[in-house]
Every structure is written in structure tokens, then in C-alpha cells.
Amino acid sequence: MPKCIIDGREVEFTPGQNLIEAAKGAGIDIPLFCYHPGLSVVAQCRMCAVEIEKMPKLQTACSTLAAEGMVVKTKSQKTVENQKSVMEFLLANHPLDCPICDKSGECDLQDNSYKHGSAYSRTTEERRTYLDLDMGPVIKKNMNRCIHCTRCIRFGSEIAEIREMVALKRGNNTEITTIDGRPLETDYAGNYADICPTGSLTIKDFRFKKRVWFLEKVPTVCEGCSKGCNMEIHQDNNQIYRCVPRENKEINHYWLCDEGRFNFHYVEREDRLLDPARTKTSGLEVCDWASSIDLAKAALAGKNIAILVGSDLTQEEAAAVLQFKEQHYSQASIYHFGTPGILSTRDDAPEDRILKRKSKTANLNGLEKLGIRGFSKLSADVTGLLIIRGGRATLPADIDGVEKVGIGVFMKDQALMFSVILPGLSFAEKDGTILNYEGREQRIRRALQPPGQAKGLSEILMMWANRKTSHGAA
Amino acid sequence: METSETLFIQYFNEESRPLAFYLQKMSGYTAAKKALAMPQDDIIAEMKKSNMRGRGGAGFPTGMKWGFIPKQSAKPKYLVCNADESEPGTFKDRDIMRYIPHLLIEGMVIGGYAIGAHHGYIYIRGEYTREAKLLDRAIEEAYEAGYLGKNIQGTGFDFDLTVHRGAGAYICGEETGLLNSLEGKRGEPRVKPPFPAQAGAFGGPTIVNNVETLAAVPYIIQKGGDWFSNLGKLDKSGGTRLFCVSGHVKKPGVYELGAGTVTLRQLIYDHCHGILGDKKLKAVIPGGSSAPVLTADEIDVIADIEPLMKIGTMLGSAAILVVSEDYCVVKLLQRITKFYAHESCGQCTPCREGCKWMEDIIERIEHGHGREEDLAMLLDISNNISGKTLCALGDAAAGPVMSFVKKFRADFEAHIRGGKCPNA
């Protein structure tokens, strides 16, 4: 591999790599604002300018490719002075009110100001101000905090494939906004806030709900579709505050769709059933675990059973169900369900040109690999159904007229179709493996403690298997 | 007073405009006929010999620039004429387009042939509405007479020419800002490399030349590179130059003189008959408003690229702004800085934030609210902009501030200490 010298160290680089990436590979951070590895290079914030031997002017590290023998100084006096000056320019108009800004704690401008800026300001001029803009359901804009890095503009046109963010006017009056102030249209709007290096674009669903330094970040995988985008769940005190994309250059790069990002809300819905329960004509009646399991077994006793598993289950859960079936209901048939119209991976396909796929569950491929076929319709001889799902799979239609027991995550209105419900765990409350559409094995990780009386599937199945049913049902 | 041969100025009148005049009195389109029979490399060699240095402001050798264009290209090549003429004080290209449009058209046909382009654009500043119309009419005449279009003068060479009007932005005079604007995008300079000769208009290899540069090309082809080079008195700077003199002189206007044949003093006092009202000279800006200013005792300098560069300023677009003793230099700098702040495209942090900041400080000083520390701060801010932006607009804004504050410090201090403009 070719080598260059950065800060006196010999650094290997891949041809075509810019100085920011080459330096990063050697553990040297060059401060930056407008550069983003997933977007085109515009070299306009000027923060990453570095000194290069034999070049009279500073060169922006984002737009300069590493070259054999190049000698780069990222901490020379000239470089440091420029960083200080860029910080001063950026803060000439930026409000100095970090304590009340939601970005505080994860703000590039704040971090770089601490590292490379001055504690004192020389400006006495009135600051440039703009009106806030409500940009639709996902994003709110505070233009006063914008540093004109244009990452959002580039994200829109280059990744989301929609030119909805634009620069209006010019020079000191430049405003970064949507065309005519219209609401954002993309299904990927949350990324605008992720890549915003300041508190200019924030997510309405998250802003002012939690200071970011309190958040515990759990690396996991999105369960929103079969793509398997890598993301982090950010939780505090057993509550999810947000999900953000996690870099994976082979799957989702740096991005996450809004559907996946905001999918977690069902986990914390108030009407989620967290106790074992049975259905009576008067409605749901909460039971203890022992009697619920007895009731469930009794409900299915003597019936010709089919087991329907959601393709939102993990491989481990699905394997446990298969084992459970072999041992206790070996005559039963077993099918998977998840997305209306998607019976197998053959039906699954990209939904757009970015990330989304048609299968709205994460483990369709995994269940198929375990030999489970898709559920199309109830055969006439089936008289009892055991339905097991995470929380994402869409319940199959046209399953009336048979006895049903449900295990997993259900909302109260969904629960009424079952005689007995045994509450299970959502994707955020368990560990496990899923296979994305291309067969990539990935781990989802537990971010939350099990809520209420909900239990893991293997524990529920074990209780089911081990409990004597001699005392019968009530 | 030294006289020299001139190429343009004798034709700066309404009579010269029609094609008939151009053909009869100026041997119009014979240079193109000659060039289209020459090997392309010979044309470029002739341009190199001519020592033509680009007349837009940067003074880059034109022959060398043409030589950068790749011989083979998958994408179409383009020749673009920069007729944005946006540097304050510059008004020479306007006269060429207004009075001898066919000279420019012929120059573009030759240039297009030399670099292998079959389409040319004249990007003209939005304010030049009349000139845009005149150019359109001249181009129409040239098409009808077979000097443009398919199989030009029976040589088999095709060349189309389109006039594209700008919408009024200084930054579109910067060649990559111009190319973005030409493509229908925001007029913002591009990251270089790639340079336009590699990837310019619509991604194709592109040469961008100033009006005066291209208008000289037929002469160079007709009379030879050596002849053109010898019109200038200095090495590596051939031809004549159109000087645009404005401000407090008795006879402002466009002057054409051999490159390197006059000093600023001769230009101001001999050609322009001295300062209005016979007042004293205070300052001279020698190359458009972005050029660092000179004081009255610095004008015994040859008005050309190298001599001016040696004393820390530049010839730029050869727009000489003359300031008499009774005009406030702080007010002048305020006006200049306001212009650059207004025209900054807003991409680069130092230019976007710094130009406005400098404007605010200078305005404060001019109005008597300046502070002792303001001058040091102005020098610091301008230094933080200079050389630290994508394009030269930052430098254009910083240069005047640095030079005015350094050379006329007493005037600034008088404003600050006196609490008002002494001239007010």
C-alpha cells in the first residue's frame, strides 16, 4: 500500500482515499463540518484545511487525495490558526446558547469549538436571525443554528433522491431551507437531523425529551424490513428515546428510513398487553402465568392445530418453536406470516432505490431457511391456532372460526381475537439472530428490561411444556 | 506620448458593427478561413508565441491554457467566452461586444477549432441587455453568411455559438461559478481539481476565455504570434491592452496601449489629462476594485502584470480606479467591501461570514463609531479570509481591506479618534 506522512507518522492509504480518511485510519482526527463520507465533497466549511509540504496554501483534507510521499501537517501553526479562525467565523452568527439547544452534547460545532475554538468572542455585531420552520412531521428547523455545511442539501439530492432542501439567497444571507418552505416529502427525513452538524435540524419526536449524555446506546439491527439496517437504540431508565442509524458500509451505509427509525414506538404503547390474559365476553381478564398457560393448553387440547409464527421472530426463537412442536404438537402444521402478499423471499424485493424492502419483517429469510413455509390460508381441517409473533408481523387475515392462542406482543384490541394471550418480548427486549434478505446473519440486542409480566419465548414454551395439565381449565 | 498600434479602439463606434463593415474594412473572417486550414497544434503554437495573457484578470497564458485540453474526449468539448465583465471598474469587453461583435465571433470559431469544440457559449452579464441583443444579431448574420454553423466557409468544420445571459452575480465571472450558472445551477464556484480543461461545462473539457482575449485571436492568426507579442514591451506579455480608467480623472474611458508601454502616471496624467479640478491624487486601484490599492507616490510603475505584482498589487482586468484627495478612502473601502459581502456566494465559511463582518466594522468606522482595536481586527479577519477559500472572491475582498488599512492608516485613525468622518 502507498504511504504518506501525516504529523510525522508514516500512514498507509488506499489509492483514492482523501486525507481525512487516510488520517482517520491512523487514528488522527481532522476536524470538519461539511465533509461526510456518504456525500459528495464540496470543501466549503474550510475547517479541514491542513498544511501540505510544497504547497503554499492550506489544502482542504476532504478534497485532497492522499498521495505517495505527501507530507501533511494537521497540527502545524498554520493549520491550527485556520481552525481557530473558521471557528470564530462560524460562531460570529451562531447563537451561544448550548445549554438550551437540544443538540448539545452531540454537536460537531460545540465539540470543535471546545477543541479548536477560542473561549472569547470578538464580535459585537448583531447576529443574523431567521424564523424557525416546521418542515413537516419529522423535522423542525432552527436556521439561526445553521452553519451552511449543505450536508442536508446533498443528502436530499444524492441519497434520498429528492431535491427538497435548497440554498436560497446568497452570501451572508444564504438560507438553507425547503423549496417554498414546504414540508419534507422523503421517507428518510430523520437522516437530515443525524447529519446536521449543529442543532439546526432536529427530530420532532426526540427534541427536548432527553439530554443526550444520559442515553445508553445499544447497537442492534432494525426490524422494520428484510434489509437489516444497522442501528442503535438509545434508552434511559428502560425507555427508548430514539433509534439512530449505525454505520455499515455493506448494508445501510449511514442511513435509516423513517419507518424503521420510528418503529420502536409500539414497544412502549400504553395499550400493549403486558399481562397474561384471557378473553371473556366482557373483555380481557388478566390472569397469572400458571393459570394462563393451563388455559392456553386447554383451549388447544384435542384440536387439529396449526402453528403460525411471525417472521419477526429470531432464529433462536423459531428454532425453539420448531423443537416445541416436535416434542408436543408433532402433528401440527407450521407456517410463517409477516407481510400481506409476501409469502416467501421470492416475493420480497426492494421497495425503493434506497433501503426499504417489501417484506416488513426482519427474519423472513431466516424462517424460510429453517424450512418453514409461508401461510396463505387456513385449511379446512384446522380447528386450533397457536400464533406466535414479535410485534412487527402483520397478523394474518381470515382466521376466524377457530380457537386461537397468542404468544408475543399484542395490543389490547388485537388480543380480543384470542382466547388466551401470553405476553412476549419485542425486538428491543431480547437478544437474537436474524438473517436479512441476502442471508447476512446479524444480532439484535436487548436494550430494555422485559416490561410488565412479559417473558421471553423460550421461557414461555418451557413453562408450557413442563406444566401438568391435570387440573384442567376453568 | 508614445503611440502604438491598436487592434480594437479605432473601431469603437456604431459604424463598425455590421457584418459588411467587418468583411470590407477589417478583412473579416479571413483569419478563420486561414486557421481552419491549419493543423490545430499550429494554432496553439501561434497562441503560445503571441504571449497573450488572459485579459479577464488572472493573466494566464492563453496558448498554454488551450494546450491543456485533451485531444481525445468521450464528452463534447466546449469553448466558453466569459463576458460577465463583473469586476467593478471594468467596461472594455462591453465595447468590443457592442461595436465589433464579429471579431469576437471569429475569435471563437478559431478557438473552437483549435481545441476541438463544436459548440461555444458567450456567457454575458445580465445587465448587458443591449450587448446581448447585438451579439445575437451578429451571430444571426454570421450564420446566414456561413461563418457559423455547419461546414463553415466550406472547410467542413462545424461550430455553433449561443449567447447565455447571466442573472446578475459577480461570482458568475469566476469560471467555475460561470459554468455552474451556464448549466442552470446556482452560481457557485466548484472544487478544483478537476479544472475546466478536464471537466468543465456539462462535464466536458472546456476552455473559458475573456472577450478581449478571444477578440485578439483573429489578429494573432492573421499577423502572427511574433507580431502580437512585439506589440508589448515586456517579456511574456504580448499585445495591446484595453485600460478602463474611471474615477476622478478629467477624461475617463477605455484606452488601448501596448502591454507594458505605459506607467500608471502616464496613463492618468498624459492620457486621461490628470485629476478632476487639478486636485491631488490620493489613491489608485490598478486592476478592478479587488486589486490592492496604491498611494499617489506608487504610480511610477509600468501598468502590466509583473511590475504591478512586484509591488504587491495586480493588473487584474486593467480597470484603473483613480481617487482624488478630497474623497474619503474609508468610505471607498466601505463601498468596496459592501460589494464583496453582497456578492459572496456563501459557500465558504471565511468569505460568507468574514466579508460581512469586515463590512460592518468599516461601516462603523466610517460613521465615527470605530474602536482602537478595529484596525488590528480588520487586518486579522482579512488575513483569515485571504487564501483560505475555494475561489478568489475571498482574496478579492481581503486585498482591498489589507491594503487600505495599511496604506491609509492615518485616515482610519482620524475617523476613530475624531468620532466622525473628517470629510463628512
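Computation of the quantities below employed the complete heavy-atom set of this structure, encompassing side-chain atoms and omitting hydrogens, waters and symmetry-equivalent molecules.
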Determine the minimum heavy-atom distance between B/Val191 and A/Ser63, stating which atoms define it. CG1-CB, 3.7 Å
Where A/Arg170 and B/Gly168 come nearest, the two heavy atoms and their spacing: NH1-O, 3.6 Å
With a 4.5 angstrom heavy-atom cut-off, which part of A/Ile176 approaches chain B: side chain, backbone, both or neither? neither
Below 4.5 Å from any heavy atom of chain A, which atoms of B/Asp380 appear? Answer side chain, backbone, both or neither. side chain
Using non-hydrogen atoms only, which part of B/Ile381 is less than 4.5 Å away from chain A: side chain, backbone, both, or neither? both
Under a 4.5 Å heavy-atom cut-off, does chain B meet the side chain of A/Lys169, its backbone, both or neither? backbone
One should read off an interatomic distance between B/Lys388 NZ and A/Thr60 OG1, to the nearest 0.5 angstrom, of 13.5 Å
Side chain, backbone, both or neither: which part of A/Thr123 has a non-hydrogen atom closer than 4.5 Å to chain B? both
Under 4.5 Å between any side-chain heavy atoms of A/Asn172 and B/Glu353, yes or no? yes
Could you have a look at A/Thr150, A/Val166, A/Val86, A/Leu90 and say which one has the most heavy-atom pairs with chain B under 4.5 angstrom? A/Leu90
What residues of residues 364-373 of chain B sit under 4.5 Å from chain A when only non-hydrogen atoms are counted? B/Arg364, B/Arg371
Closest non-hydrogen atoms of A/Thr174 and B/Gly346, given as atom of the first, atom of the second and distance, are OG1-CA, 4.0 Å
Is any side-chain heavy atom of A/Glu125 closer than 4.5 Å to one of B/Ile361? yes
Which bit of A/Ala43 is near chain B, if near means a heavy-atom gap under 4.5 Å: side chain, backbone, both or neither? both
Answer with side chain, backbone, both or neither: which region of B/Arg186 has an atom nearer than 4.5 Å to a non-hydrogen atom of chain A? side chain
